[in-house]
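Notes follow the structure.
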Number of protein chains: 2
Amino acid sequence: MSRNPQTVRSERTRVALRRAALARFQAQGVEATSAEQIAEDAGVTLRTFYRHFPSKHDLLFADYDSGLQWFRGALAARPDDEPIVESVRAAIFAFPYDVQPLTQMAAFRAAELDPDRIVAHLRQVESDLADAITEHLRRRVGSSERTLDIVVTARCIAAAVFGAMEVWMLREKRSLADLAELSHATLTALETGLGVDGLFRHY
Amino acid sequence: MSRNPQTVRSERTRVALRRAALARFQAQGVEATSAEQIAEDAGVTLRTFYRHFPSKHDLLFADYDSGLQWFRGALAARPDDEPIVESVRAAIFAFPYDVQPLTQMAAFRAAELDPDRIVAHLRQVESDLADAITEHLRRRVGSSERTLDIVVTARCIAAAVFGAMEVWMLREKRSLADLAELSHATLTALETGLGVDGLFRHY
DNA sequence: TGCTGTTTTGTCAATATTGACGGAACTGTG
DNA sequence: CACAGTTCCGTCAATATTGACAAAACAGCA
């Protein structure tokens, strides 16, 4: 009885599927590629395809998830006594935007994708980010449960980061440096305190 | 040329579909009901069904959307010089939980539904809420665009409300009054100022 | 009423997804 | 190697969704 058996084979087909899919996507576009083609290219059945990925489009977003993994690690590496906002900021600035396939795959095929799908996925990533922060805080304070203040704090931080992303997405010229800058600004607004001389002063 | 023609017929089938669906769902459960059955009961084709609702499950969540409509109206009715957090709080407390089919339909069939589906929808509602608040603020300040501080402010408020909901959902005993109380608390935390003597003091 | 442009449906045919069941491959052991 | 337990995969058969195209219903107008 081993806790993680046969993950070898499974992982192999997962990789095969991903590779096959990206090749097709690149060559003939996402919508023009059928799930069946991907499965065949990878040498498995259609059903097996769906055993590894919840949907055809999830293959596109798989890269985002690896980014999230990276983020969790980055957070964990920060000192425990550092203010949480500072930890998040540091992680965001250290993010390997150019290495992570995140930017590439997602961006260059984005135009072809249904905007709703993209937005929905961004929501999911934001949610996962909030979750990662929540867990990080929970671990740091040694609490066994997700308390109200931890949850809300984490969500606000995620909201700040993705609020920056929303504004960034609406711009014509978008550089990754700008995105980091915007995040920096919104996180600072949080630190400064929304109610005192921060954002809420205006509303 | 009228801006909203023939919406009469369309609305009629939409209602028929909704009615048929809810009846089936109630009687035999959501998963055991096929989209085709609903369409037939409503006297239309399967294709027409999907012209009115993006998916079978959206029929369950349609009620949530009407709740959002209500919220928008409630926000608009608040005085323009009232602090935004206060406006939101007031709207939340005034929400007709018992009247809106929100609570009923969603809650009692929730157990049968895929949790992921529910979570995804809650994310969507949170996003829509943030959007509603953003638009409200934008109108109030007369800005033509969604500025960084408006967007982030709105998102944080939504985050506070849904953070409260997350914690509420994890409890065994859940009363609507408790939910309102939790929201009240998290909104106050925002007002107090995260960075000064609010949540961030602890992290 | 008859004409015309628009909106809503029906029809047909691909795909996309998912549940159920049985066989194959893999791991740890004796 | 044979055996037992587990995990992964193939097969089959429903559904769920979506795109393309044409007919039907409806609104405004001569």
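Numbers restart at 1 for each chain; the letters A, B, ... are given by sequence-line order, proteins then strands.
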Quick one: is D:dC8 close enough that its OP1 or OP2 comes under 4.0 Å of any side-chain N or O from A:Ser10? yes
Does a side-chain N or O from A:Thr13 land closer than 4.0 Å to OP1 or OP2 of D:dC8, or not? no
Please identify each residue that fulfils side chain to side chain donor-acceptor pair (under 3.5 Å) with B:Ser34, with sequence neighbours left out. none
Enumerate the ring pair (Phe, Tyr, Trp, His ring centres under 6.0 Å) contacts for residues 117-159 of chain A, please, sequence neighbours excluded, ordered by first and then second residue. A:Phe61-A:His121, A:Tyr64-A:His121
Verify the contact: side-chain N or O of A:His52 to OP1 or OP2 of D:dC8, cut-off strictly under 4.0 Å; return yes or no. no
Readout for nucleotides 13-18 of chain D: B = base within 4.0 Å of protein heavy atom, S = sugar-phosphate only, - = neither; 5' to 3' it is ---SBB
Once ring pair (Phe, Tyr, Trp, His ring centres under 6.0 Å) is applied, what residue pairs with a partner in residues 171-190 of chain A remain, sequence neighbours excluded? A:Phe93-A:His184
Determine which pairs satisfy side chain to side chain donor-acceptor pair (under 3.5 Å) with at least one residue from residues 160-178 of chain B, sequence neighbours left out, and list them in order. A:Arg146-B:Glu166, A:Arg155-B:Glu166, B:Ser175-B:Asp178
To the nearest angstrom, how far is A:Arg51 atom CZ from C:dA24 atom C1'? 12 Å
Rounded to the nearest Å, what distance is computed from the CD atom of residue B:Glu11 to the C1' atom of nucleotide D:dA25? 17 Å
Do A:Thr186 and A:Val161 have side chains that get closer than 4.5 Å, going by heavy atoms? no
Short side-chain N/O contact from B:Thr48 to OP1 or OP2 of C:dT9, under 4.0 Å: no
Rounded to whole Å, how long is the line connecting atom CZ of B:Arg9 with atom P of D:dA24? 12 Å
Partner residues of A:Thr134 under the side chain to side chain donor-acceptor pair (under 3.5 Å) criterion, sequence neighbours left out: none
